[in-house]
Amino acid sequence: AQSVAQPEDQVNVAEGNPLTVKCTYSVSGNPYLFWYVQYPNRGLQFLLKYITGDNLVKGSYGFEAEFNKSQTSFHLKKPSALVSDSALYFCAVRDRRGGATNKLIFGTGTLLAVQP
Amino acid sequence: DAGVIQSPRHEVTEMGQEVTLRCKPISGHDYLFWYRQTMMRGLELLIYFNNNVPIDDSGMPEDRFSAKMPNASFSTLKIQPSEPRDSAVYFCASGGWVGGGGYEQYFGPGTRLTVT
C-alpha cells in the first residue's frame, strides 16, 4: 500500500534550536516525495521535493529534507528555527498505484510550534 | 503567474442552497485537484482531473457533490443541496511539470464554506 506517516501531531522547539519534522513512507518503486507548509488561514505551500539524486534536498525558507532509503524516511529539517516557522507541515508521496499518476498522498500533518 | 486562483474566498449559505466554488489553475498545468480540509478529517482529496478529464472521483462524498472542468483554465465544484456537515475549507490545486525539475503541485488559497 502507498502511504505516508507523520508520527508526531506536534513538535515544540525553542527559537534558534534545530528542528526536525518526521515523515516515513511506504511505496512501490522509487519514491517521489514532497513537503508542504500551511500557515493559518492559508493554502498549502510547496517547500521542497525529492525525485532522485542527492539525498539532501534544499527548499524554501531555509528548510531541507533528508531522504533515507533504508529507513524509508524523509525528515524535514532546519538548522535554526524561527517563530515564524510555526505552522502545519505536511509530507506527501506521489501515488504510484495504477501506473504513474500525479496524485499525491498526504500525511496527517505535524503542527510545529516555535517558542520565542 | 498569479498562482492558483479560487473564488469566492468565503461563502456562507443556508442549508439546502446550491454552492458553486471556482478555480483557475496555473497556466500550463495539466492536473487539477479538489481537496477538502476539516479539523476532524484533515485533508481529503475529492476529485482530480488530467487534461480536463476526471480521473478519480472516489473521494466525492455524495451525489450532492459534482465537479466539472470545461476547459484547461477553469473548474467548478458544486454542492447541491448543501448541508451543515459540508462546512470546510475547500482547496483547489494544480500540478504540472517544471523544466528539468519533475512534477510539482500548487495549492490555491482555499474557499472557507460555512453552511448554516
Next item on the list: Check whether more than 12 heavy atoms from other residues, nucleotides or ligands sit under 6.0 Å from atom CD of A:Q10, and answer yes or no.
Entry: yes

Hydrophobic cluster membership, with links at side-chain heavy-atom distances under 4.5 Å among I/L/V/M/F/W/Y: are [X] and [Y] in one?
| X | Y | answer |
| --- | --- | --- |
| A:I105 | B:W34 | no |
| B:I5 | B:F33 | no |
| A:L82 | A:V11 | no |
| A:L19 | A:L56 | no |
| B:Y35 | B:L32 | no |

Bottom line for A:Q45: the part with an atom under 4.5 Å from chain B's heavy atoms is neither

Rounded to the nearest 0.5 angstrom, the CD-CG distance for B:E104 and A:L104 is 11.0 Å

Residue-level contacts of [range] with chain A, using a heavy-atom cutoff under 4.5 Å:
| range | answer |
| --- | --- |
| residues 88-97 of chain B | B:F91, B:W97 |
| residues 41-69 of chain B | B:L43, B:L45, B:Y48, B:D56 |
| residues 107-116 of chain B | B:F107, B:G108, B:P109, B:R112 |

Quick check against the 3.5 Å criterion: does B:Y31 have a side-chain atom that pairs as donor or acceptor with the backbone of A:K103? no

Nearest heavy-atom contact between A:F34 and B:Y103 is CE2-O, 3.5 Å

Are A:Y36 and B:Q105 side-chain neighbours, meaning at least one heavy-atom pair lies under 4.5 Å? yes

Residues joined to B:V12 in its hydrophobic cluster, side chain to side chain under 4.5 Å directly or through other members, sorted by chain and number, are none

When the 4.5 angstrom heavy-atom criterion is applied to B:Q6 and chain A, the contacting part is neither

